[in-house]
Amino acid sequence: MNQEKILKGYEYAKEVYAGYGINVDAAIERIDKIPVSMHCWQGDDVIGFEGTGALTGGIQTTGNYPGRARTAEELRGDLDFALKLIPGETKLNLHASYAEKHGKTIDRDQYTIAEFQNWADWAKEKGMGLDFNPTFFSHPMMDGDFSLSSLDEKKRRFWIEHGKRCREIALEFAKQLGKPCVVNYWMPDGFKDVCVDTKLYRDIMKQSLDEIFAADIDENLVPCALESKLFGIGVESYTVASHEFSYGYAVKNHKLYCLDAGHFHPTEVISAKLSATLEFMDRVLLHVSRGVRWDSDHVVAHDDELQKIMDEVIFNDYDARVFIGLDYFDASINRIAAWAIGMRNARKALLSAALAPAKAMREAEYAGDYTTRLALQEERRSLPVGAVWDYYCMTKGVPGGDEWLEMVRQYEKDVLIKR
C-alpha cells in the first residue's frame, strides 16, 4: 500500500475516532511503549542448544517445516529479520536451555552470565531487554516428571541450584541492558494417575522455592513469577504447581503470578482473571498463547480472547502492572511468520483497545444503560483500526497489511530453505 493511501485512511480514521472523543495519536504513543516479550523458542521448536536430547515435561512441538534454527547464530539471525516486521517496544524471552557452553562441560546448576553473554551483547546492540526462564524439563536430572518437588534429594538440589543461577543471570541481564528482566518459574511436576499424598509434594515445592528466592535480589530489576498449570502431557491427574498453589505462593511471598492462556480449564480465560488477581498483587505476568481444546500453544490469533486480554490491560490502566509475553511454538508453518503473526496481533490488539470508546461504554454501564453499552461494544468492532494500524506500521518503518509476508517468503528462499 502506498504512503498516500495510508495517510488518507489515517485521516479518515482520525475523524471517525474523534467523534467518540478518542485521540488517535495519543493511543498510538501509548501502546508503542508497552513492551511485548517475544519467545525465542518458536524459532527452533523448543530444542535449545545444550544437546540434552528430546523434549520432556509435557512439552511437544508438532510439524517439520524447513528452516529450523540449528545454532544460536542462526536463531539470532532469524530474530534480526523477524524484528524488522514487528512494531513497538519488543523484548526477547530466553529459556536457560539456550545457553552457549563454548565447548565447556557445564550443567544448568552451574550456569553463569558467561553462557548467555552473547545474548546480552546481541540485545544491547538492539536496544532490547531480555526476560528469562529456568528450564525445568528435558534433562537427565528430571526425576521422571519431578524437579523441585522430587523426593530424590540429589536431583532436587540440582534444580534448586538451577533456579538460583537463573535469578543471578537475570540480574546481570538487567544491569547490562538497563531494563527489568522478568524470570518465570514453571515446573511440570506431577502425576499421570491419581495421586494419594497431594500435600507432600507441595510442601517440598514450597521449601525449594523458598530456598531459591532466599537471596536478596532487587525484584524491581528481577521480578520473579510463578506459572501454574491445570495439567500436562503425562501429568494429567495431579500438578504440584496448580493455580491455587502458584497464586497463593505469589500473593504470600510478593511474587508475580503468571497467567498462561493455555494453562486453565478450556472454559476458562485469563482475561477474566486479570482484574481479580491485581486486587491482591502489584504485578502479573501474561503468557499469551492460544490453546485449542488443551494447552496446544497455537500461534496467537487476533481473536476475541486476545482482544479481551488487551482490553483489560488498557481499560484498567494496567500498562505498568502487567508484563506481556507470548508463548507458543508451531513447527508446521514458517517459524518467522509465526513470530510476526503473533507479535503483530498482540500489538494490534493493544492498539484496538486504546482506540475503543471505553469511556462511553463505561458511562453507559454506570448509568444502567446496558442497551447503549452493548450497542457501543458492537459498533467498536467495525471502527477503522486497520487504517490506524497501517499508519502506525509506516511510522515505525515496518510493513503494513500483508506486505511482510512476501519479505518472509524471500528470506525463506535466501536463508531458511538452505539449512
Side-chain angles (χ1 to χ4, degrees), residues 41 46 48 52-62 95-97 107-109 133-163 166 184-213 224-253 255 257-268 270 273 285 287 289 291-297 327-329:
W41 49 92
V46 208
T52 51
L55 291 173
T56 63
I59 303 292
Q60 180 180 350
T61 184
T62 55
H95 246 286
S97 52
D107 215 334
R108 293 180 192 174
D109 61 333
N133 307 262
T135 307
F136 293 106
F137 56 85
S138 301
H139 193 280
M141 287 299 282
M142 288 295 292
D143 182 11
D145 290 312
F146 290 87
S147 61
L148 291 182
S149 60
S150 170
L151 300 183
D152 184 321
E153 185 176 355
K154 181 179 178 181
K155 291 182 177 179
R156 186 171 69 251
R157 172 56 48 191
F158 175 89
W159 291 114
I160 290 171
E161 293 303 316
H162 176 57
C166 288
N184 183 52
Y185 286 77
W186 172 71
M187 294 68 62
D189 300 37
F191 282 107
K192 180 176 180 64
D193 216 333
V194 177
C195 173
V196 176
D197 191 341
T198 62
K199 181 177 183 295
L200 174 63
Y201 302 95
R202 288 178 174 142
D203 287 343
I204 296 172
M205 176 71 77
K206 178 182 178 298
Q207 292 168 10
S208 296
L209 290 169
D210 287 347
E211 187 170 346
I212 288 171
F213 297 132
C224 292
L226 259 68
E227 180 178 354
S228 67
K229 193 166 187 177
L230 176 64
F231 78 97
I233 301 174
V235 288
E236 291 87 355
S237 296
Y238 171 79
T239 304
V240 179
S242 64
H243 160 67
E244 293 79 5
F245 177 92
S246 300
Y247 180 59
Y249 189 96
V251 171
K252 182 177 181 180
N253 295 281
K255 305 300 177 198
Y257 179 47
C258 177
L259 291 162
D260 187 297
H263 284 196
F264 294 88
H265 192 280
T267 61
E268 292 184 275
I270 65 171
K273 303 178 185 297
L285 170 64
H287 269 193
S289 184
V292 176
R293 303 189 186 279
W294 64 290
D295 179 34
S296 48
D297 287 313
D327 182 10
Y328 55 81
F329 33 96

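Keep in mind that what you see is a predicted model, and the values were worked out from it rather than measured.
With sequence neighbours left out, the ring-ring contact (aromatic ring centres under 6.0 Å, His included) criterion links Tyr257 to His243, Tyr247. With sequence neighbours left out, Glu268 forms a side chain to side chain donor-acceptor pair (under 3.5 Å) with Lys273. Here Leu230 pairs with His265 under the side-chain contact (heavy atoms from CB on, under 4.5 Å) rule; sequence neighbours left out. For Glu161, the salt bridge (charged side-chain N to carboxylate O under 4.0 Å, His left out) partners are Arg157, Lys164, Arg165, not counting sequence neighbours. Scanning for ring-ring contact (aromatic ring centres under 6.0 Å, His included) contacts around Phe231 gives an empty result, with sequence neighbours left out. For Tyr249, the ring-ring contact (aromatic ring centres under 6.0 Å, His included) test picks out no residue, with sequence neighbours left out. The side-chain contact (heavy atoms from CB on, under 4.5 Å) search around Thr198 returns Cys195, Arg202, Tyr238, not counting sequence neighbours. Every residue meeting the ring-ring contact (aromatic ring centres under 6.0 Å, His included) condition with Phe136, not counting sequence neighbours, appears here in chain and number order: Trp159, His162. Partners of Asp297 under the side-chain contact (heavy atoms from CB on, under 4.5 Å) rule, at least two apart in sequence or in another chain, are Ser289, Asp295, Asp327, Tyr328, Phe329. Residues satisfying the side-chain contact (heavy atoms from CB on, under 4.5 Å) test with Asp152, not counting sequence neighbours, are Asp143, Ser150, Lys154, Lys155. Applying the side chain to side chain donor-acceptor pair (under 3.5 Å) criterion to Ser296, with sequence neighbours excluded, gives His298. Qualifying salt bridge (charged side-chain N to carboxylate O under 4.0 Å, His left out) partners for Asp203, counting only residues two or more places apart in sequence or in other chains: Lys199.
The side-chain heavy atoms of Leu200 and Leu151, taken from C-beta on, include a pair separated by under 4.5 Å. At least one side-chain heavy atom of Asp189 sits less than 4.5 Å from a side-chain heavy atom of Met205. His263 places a side-chain heavy atom less than 4.5 Å from the side chain of Trp186. Ser208 is listed as a side-chain neighbour of Arg156, based on a closest heavy-atom distance under 4.5 Å. The shortest distance between side-chain heavy atoms of Leu148 and Val240 does not fall below 4.5 Å.
Considering CZ of Phe213 and CG of Asn253, their distance stands at 8.0 Å, rounded to 0.5 Å. Taking CG of Leu226 as the start and CG of Asn184 as the end, the distance is 8.0 Å to the nearest 0.5 Å. Taking OG of Ser246 as the reference point, atom OH of Tyr185 lies at 13.5 Å (rounded to 0.5 Å).
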Next on the checklist: Under the criterion ring-ring contact (aromatic ring centres under 6.0 Å, His included), I'd like the reasoning laid out for Phe146 against Phe191: C-alpha separation, chi angles, the key distance, then a yes or no.
Outcome noted: CA-CA 9 Å; Phe146 290 87; Phe191 282 107; 5.0 Å; yes
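Between His95 and Trp41, the ring-plane angle classifies as perpendicular under the 30° and 60° cut-offs.
Side chain of Asp107 to main chain of Asp109: no donor-acceptor pair is present (N/O by atom type, distance under 3.5 Å, no hydrogens or angles).
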